[in-house]
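Order of the sequence lines sets the chain letters (A, B, ...), proteins ahead of strands, with each chain counted from 1. Atom set for the values below is all heavy atoms of this structure, side chains included, hydrogens, waters and symmetry mates excluded.
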Amino acid sequence: KRKRRNMAKQVPEDQQIFKGLHFYFFPNDDKNPARKMRIAKAIEFGAQWEREMNKNITHVVVDKLMQYPTVLKYLKMNSLPNSVHVVSEIYLSECISYHALLNVGQPQFRVKGYVAPEHSDDPATAAPTFSINSVKPLELKLADEKIILRQLARQEISEEEISLESATSVALLLQDSDPVEDFYRQSPVNANRPADPQATTTEEFDSGSPIMDEGSETDSAVIPTNQPIIKRQDIQTKFRCMHKHIGDQPGNPNAAATTILQQMADYYSQTGDEWPAKAYRKATGTLSNHPTKVWTKDEALALPHIGKRLAQKIEEIAFTNHLRRLHKVIAEPADALLRTFMKVYGAGFAKASEWVNQGHKTLDEVVEKAKLSDNQRVGIKHYADFNARIPREEVAQHADIIRKSLHKIDPAFEVIVGGSYRRGSTQSGDIDWIVTCPNTGPAHLRAVVIDKLVPRLTESGFLVASFATTSRGSESKWHGASCLTGSTIWRRLDLFLVPSNELGAALIYFTGDTVFNRSLRLLANTKGLRLNQRGLYKDVIRGRRHIKSSKGILVEAKDERRIFEILRVPWRPPEHRIC
DNA sequence: GCCG
DNA sequence: CAGTACG
DNA sequence: CGGCCGCTACTG
């Protein structure tokens with residue numbers, strides 16, 4: 001094995017689609033930034049960059065605007081050997097996008113003025129990997145699938161999961177499938193809404209394609225036969241709740257991008273621009289779940305919730321490991337203060353901005369000079385406490401205290417720890433409870449928990465603050481803080497009182513995570529259903545302002561799994577809902 | 001920010 | 001009502 | 001362009 005001269009980083013060997021290939025670029029320097037990036041990419045995917053024309057060269061990669069005669073003229077040659085493939089720069093990015101060597105003969109890779117030799121390639125000099133040139137894109141995609149699966153295997157995903165994923169995706173590939181049609185046909189309550197004929201056309205499918213968005217047929221890198229691949233992105237798969245998510249993995253290949261995009265989200269959040277922030281978080285979620293490293297913007301563009309602008313940023317991060325815009329933006333010190341203030345319980349963007357604008361520089365100063373609500377005062381006093389993480393063991397300790405106290409009042413009552421604890425986190429930001437009891441309505445729940453349990457635990461010194469108590473009507477929750485005896489650290493504690501017939505919907509809500517819940521609710525919407533913490537409803541009439549509106553008809557509330565089934569979302573245990 |  | 005909070 | 005979760009719930 002020869003040592004590589006260049007120290008540029010490379011992707012894992014099984015992803016090096018250009019391994020064994022020798023590229024000559026035209027122009028053959030890295031003075032142009034775009035070309036520099038292309039060369040870097042090529043090398044990272046295993047290619048050798050030849051500085052001079054020589055007989056090892058397998059490919060001449062020509063800039064888009066250059067014509068073949070120019071190349072020959074520069075090289076002072078009449079023609080290139082038949083064994084050398086002359087391709088447009090588009091070839092590289094497309095190969096990288098598909099994780100495979102594509103057929104060099106495809107028209108979109110052609111260099112102006114170049115006529116490819118008619119299959120007179122000398123097999124002896126052609127790179128061995130070129131046998132793949134003859135396969136159709138569908139098979140290429142399957143090869144790609146294997147790469148992904150190998151990767152999954154390395155990441156120690158259970159074999160069951162692999163075969164599942166493999167089976168599904170292959171099945172989806174092979175059938176000229178009709179997931180969208182299924183989507184409408186199988187929807188239990190959609191009969192009243194005629195299926196949109198457009199939704200079943202290929203146009204609809206193709207809207208997810210990075211290529212079609214770009215317009216012109218001549219310069220776009222459309223591979224006409226790859227449509228079935230793109231179809232794979234049916235509508236429902238775009239919902240995050242449709243996929244297993246176990247959070248950021250240690251070896252996440254897109255760690256750099258997710259970290260940076262998350263910071264961008266934080267930045268927008270601090271600016272008060274919630275929608276861009278949400279968009280960034282969605283994209284971050286997509287990336288953190290993607291099994292392979294995303295290098296190019298085309299590749300990124302194909303992923304859900306990643307558009308042109310984010311794709312560009314992702315490419316920049318992939319090749320430079322940082323984002324210039326972030327550094328530019330994060331350097332502003334005003335944001336640091338705003339961020340500090342916004343982490344006060346009871347203060348949001350508006351209040352935090354107000355404090356900043358009043359010229360307060362520290363939390364102490366805010367306490368002294370600003371007018372505060374009771375909650376905000378406690379929020380500042382226990383700022384450090386409430387922003388600290390809670391070890392899983394401590395969550396369990398708090399659980400015991402509440403459970404014991406509750407059972408003294410009524411042994412039939414049940415306590416379920418929700419939130420990140422139920423999702424299996426080793427530490428939590430707060431402690432979330434569901435209190436329920438068989439055959440018990442909201443009134444009795446409230447009587448027991450709010451009128452008896454909370455006062456008792458407050459008296460015993462376990463509950464130390466109350467931020468929000470359910471007041472009227474059916475809904476019931478209590479937000480406050482607790483503190484273990486012997487400790488001085490206050491913990492945020494939420495109680496959620498749930499009638500037993502709403503337990504399923506409540507479990508979904510209180511287990512989260514946030515992104516998962518919103519995704520699930522959004523999916524429900526597309527099926528004409530509505531999901532909230534109390535149940536799944538159909539025939540909900542969206543009220544126009546103050547006009548009467550129907551709450552809808554309850555479809556399911558009691559059974560968590562049933563709600564998944566009705567929405568046709570594969571069952572996700574809590575630990576797979578970390579989006 | 002993305003998506004329809 | 002706006003603001004803030006919950007997952 | 002407008003929607004982006006909840007006819008969420010609670011506070012002041």
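Relative to the side chain of A/A350, the nucleotides C/dT4, B/dG4, C/dC6 differ in distance, and C/dT4 lies closest. The side chain of A/W275 sits closest to D/dC4 out of B/dC2, C/dG7, D/dC4. Of the candidates D/dA9, B/dC2, C/dG7, B/dC2 carries the atom nearest the A/L310 side chain, counting heavy atoms from C-beta on. In this structure, the nucleotide among C/dG7, D/dC4, B/dC2 sitting nearest to the side chain of A/H305 is B/dC2. Closest to the side chain of A/Y345, out of C/dG7, B/dG1, C/dA5, is C/dA5. For A/Y268, whose side chain is taken as the heavy atoms from C-beta onward, the closest listed nucleotide among C/dG7, B/dG1, D/dC5 is B/dG1.
Among the heavy atoms of the strands lying under 4.0 Å from A/A347 are primed sugar atoms or P, OP1, OP2 only; no base atom is included. Counting non-hydrogen atoms under 4.0 angstrom, A/R492 reaches the backbone sugars and phosphates but no base. Among the protein residues, A/D432 comes within range of the sugar-phosphate backbone only, with heavy atoms under 4.0 Å from sugar or phosphate atoms but none that close to a base. Residue A/F496 is out of contact with every strand shown, counting any heavy-atom pair closer than 4.0 Å. Using a 4.0 Å heavy-atom distance criterion, A/S373 is classed as making no nucleic acid contact. Note on A/D273: nothing from the nucleic acid sits closer than 4.0 angstrom, heavy atoms only. Backbone-only contact: A/K313 has heavy atoms under 4.0 Å from sugar-phosphate atoms and none from a base. Within the 4.0 angstrom heavy-atom criterion, only backbone atoms of the sugar-phosphate kind lie near A/I306; the bases stay farther away. Residue A/R423 is in sugar-phosphate contact alone, with no base atom involved, counting any heavy-atom pair closer than 4.0 Å across all strands shown. Among the atoms of the strands shown, none is found under 4.0 Å from any heavy atom of A/R240.
The aromatic ring centres of A/F496 and A/Y509 sit less than 6.0 Å apart.
For D/dG12, the OP1/OP2 oxygens have no side-chain nitrogen or oxygen of A/N375 closer than 4.0 Å. Applying the 4.0 Å criterion to OP1 and OP2 of D/dG6, one finds that A/R530 has a side-chain N or O inside that range. At B/dG1, none of the side-chain N or O atoms of A/K308 fall inside 4.0 Å of OP1 or OP2 (strictly under the cut-off). Considering only side-chain N and O atoms, A/T470 lies under 4.0 angstrom from the phosphate OP1 or OP2 of D/dC10.
With no hydrogens or angles considered, no side-chain donor-acceptor pair links A/T286 and A/H305 at under 3.5 Å. Looking only at atom types and distance, the side chain of A/Q376 has a donor-acceptor partner in the side chain of A/S373 under 3.5 Å away.
A/Q312 places its CD atom 16 Å from the C1' atom of B/dC2, with the value rounded to the nearest Å. Spacing between atom CG of A/L493 and atom C1' of C/dC6 amounts to 13 Å, rounded to whole angstrom units. A/L567 places its CG atom 13 Å from the C1' atom of D/dC5, with the value rounded to the nearest Å. Atom OH in A/Y280 sits roughly 16 Å away from atom C1' in B/dC3 (whole-Å rounding). The nearest whole Å value for the distance from the NZ atom in A/K278 to the P atom in D/dC5 is 7 Å. Between A/L536 atom CG and D/dT8 atom P the separation is 16 Å, expressed in whole Å. In this entry the distance linking CD of A/Q376 with P of D/dC10 reads 19 Å, nearest Å. If you measure from atom NZ of A/K371 to atom C1' of C/dG3, you get 16 Å, rounded to the nearest angstrom.
Nearer to the 5' terminus of DNA chain D, by closest-nucleotide assignment, is the contact made by A/L522 (compared with the other of A/L522 and A/Q533). Remark on DNA chain D: of its neighbouring residues A/A468 and A/K282, the 5'-side contact belongs to A/K282, judged by nearest-heavy-atom nucleotide.
Shown for residues 500-518 of chain A: residues whose heavy atoms fall under 4.0 angstrom of DNA chain D, namely A/Y509, A/R518.
As rounded to the nearest Å, C/dT4 and D/dC5 have C1' atoms that lie 16 Å from one another. For C/dG7 and D/dC4, the P atoms lie 22 Å apart once the distance is rounded to whole Å. As rounded to the nearest Å, B/dG1 and D/dT8 have C1' atoms that lie 25 Å from one another.
With sequence neighbours excluded, no residue satisfies salt bridge (Lys or Arg N to Asp or Glu O under 4.0 Å) with A/D430. Applying the side chain to side chain contact (heavy atoms under 4.5 Å, CB included) test to A/V515 and every residue at least two apart in sequence or in another chain returns A/R240, A/D513, A/C579. Annotation: side chain to side chain contact (heavy atoms under 4.5 Å, CB included) contacts of A/L457 (sequence neighbours excluded): A/I401, A/I402, A/S405, A/L453, A/S460, A/F462, A/L463. Among residues two or more places apart in sequence or in another chain, the side chain to side chain contact (heavy atoms under 4.5 Å, CB included) test is passed with A/H444 by A/D410, A/F413, A/T440, A/V448.
Counting non-hydrogen atoms of neighbouring residues, nucleotides and ligands closer than 6.0 angstrom, the CG atom of A/D400 exceeds 12 such neighbours. Taking a 6.0 Å sphere around NZ of A/K361, one finds it holds 12 or fewer heavy atoms contributed by other residues, nucleotides or ligands.
No hydrogens or angles were tested; on distance alone, nothing pairs the side chain of A/R309 with the base of B/dG1 as donor and acceptor under 3.5 Å.
The salt bridge (charged side-chain N to carboxylate O under 4.0 Å, His left out) pairs that include a residue from residues 376-396 of chain A are A/E394-A/R491, where partners are two or more places apart or lie in different chains.
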